[in-house]
Amino acid sequence: MKVDKIVFATGNKDKVKEIQMILADLGAEVVSMKEAGISVDIEENGTTYEENALIKARAVAAHTDAIVMADDSGLEIDYLNKEPGVMSARYMGEDTSYRIKNANLMGRLEGVEDEKRTARFVCAIAAVLPSGKEFCVRGTIEGRIGYEEKGENGFGYDPIFYVPEFGKTTAELSEEEKNQVSHRGKALEKMKEILKDYEDTDC
Ligand code: IMP
């Protein structure tokens with residue numbers, strides 16, 4: 001289908017920037033819900049990334065005729081039973097700085113050897129089309145939790161997420177490099193393929 005406009009259900013400016021870059025080749029206008037003039041209080045009370053992404057996309061789709069997409073993402077650390085997981089944004093409180101959150105997570109892994117520091121970023125992307133048709137896809141990137149913060153790019157947990165193939169954290173990757181391998185990049189690529197091949201109808 002031809003996609004003209006996508007409203008992305010997030011208030012996170014860093015994410016909108018990443019998403020606009022990844023979706024650039026669709027030729028669609030990608031705007032945040034704020035830019036679309038939509039303000040809704042959404043309670044992310046799902047227990048999976050997919051549930052939360054769908055909750056956000058549906059809530060915003062109720063206010064627009066455009067295609068709505070939403071993502072829900074997080075960091076899973078195997079040694080910590082996949083914490084912080086779906087709670088990643090709320091871990092230690094939404095307003096706590098990532099310097100503190102990152103230091104706390106590294107502290108919880110003190111003395112844990114390399115092989116047991118495995119982790120992944122997970123991203124679910126949901127789309128709600130004007131007809132009401134819904135899609136949901138997932139992307140992941142595997143890595144390890146580092147021993148110190150490294151890199152200035154990206155956001156959130158990027159400075160402690162080390163990707164062995166690159167020998168760098170995701171905060172040391174350029175935007176283009178990160179988008180090619182990231183959980184969000186992979187999930188959005190899958191969603192682009194689905195939308196390209198789909199014809200939306202109301203009947
Ligand atoms: P949500 O998807 O808005 O619920 O937020 C997920 C949280 O997971 C973010 O606020 C970050 O803390 C973390 N996160 C998700 N994706 C990334 C990423 O690409 N880099 C660093 N942290 C991330």
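None of the values given here were measured: they were computed from a predicted structure. One-based numbering along the sequence shown. Counting starts at 1 for both ligands and their atoms, in listed order.
Using 4.0 Å as the threshold, R90 has no heavy atom nearer than that to any atom of ligand 1. Using a 4.0 Å cutoff on heavy atoms, R184 counts as a contact of ligand 1. Residue contacts with ligand 1: G74 is included, with a non-hydrogen atom under 4.0 Å away. In this structure, D158 has a heavy atom closer than 4.0 Å to ligand 1.
When only interatomic distances are considered, the shortest N/O to N/O separation between D72 and ligand 1 falls below 3.5 Å. Residue D71 has no N or O atom closer than 3.5 Å to an N or O atom of ligand 1. Ligand 1 has an N or O atom lying under 3.5 Å from an N or O atom of Y98, backbone or side chain.
Taking atom 1 (P) of ligand 1 as the reference point, the nearest protein heavy-atom neighbour is K15 NZ, 3.3 Å. With respect to atom 8 (O) of ligand 1, the closest heavy atom belonging to the protein is S88 CB, 3.3 Å. Protein heavy atom at the shortest distance from atom 5 (O) of ligand 1 is A89 CB, 3.6 Å. In this structure, the protein non-hydrogen atom closest to atom 19 (O) of ligand 1 is K178 NZ, 2.8 Å. Given atom 22 (N) of ligand 1, the protein heavy atom at minimum distance is Y157 N, 3.2 Å. For atom 23 (C) of ligand 1, the closest heavy atom belonging to the protein is F121 CE2, 3.6 Å. Protein heavy atom at the shortest distance from atom 6 (C) of ligand 1 is S73 O, 2.9 Å. Nearest protein neighbour of atom 21 (C) of ligand 1, counting heavy atoms only, is F155 O, 3.0 Å.
Residue V163 is not grouped with residue I22 when hydrophobic side chains (ILVMFWY) are merged at heavy-atom distances under 4.5 angstrom, including chains of intermediate members.
The backbone N or O of D200 sits nowhere less than 3.5 Å from a side-chain atom of S131 that would complete a donor-acceptor pair. Remark: side-chain polar atoms of K101 are paired, donor with acceptor, to backbone N or O of A89 under 3.5 angstrom. In this structure, the side chain of K56 engages the main chain of D71 through a donor-acceptor pair within 3.5 Å. A side-chain donor-acceptor contact under 3.5 Å links S88 to the backbone of L75. Side-chain N or O atoms of N52 include none that pairs as donor or acceptor with a backbone N or O of Y49 at under 3.5 Å. E193 places no side-chain N or O within 3.5 Å of a backbone atom of K190 that could act as its donor or acceptor partner. The main-chain N or O of V128 is never found under 3.5 Å from a side-chain atom of R58 such that the two would form a donor-acceptor pair.
Considering only heavy atoms from C-beta on, M33 comes within 4.5 Å of V7 through its side chain. With a 4.5 Å cut-off on side-chain heavy atoms, N102 and P159 count as touching.
Near E44, with a cut-off below 4.0 Å to any heavy atom, the atoms of ligand 1 are 4 (O).
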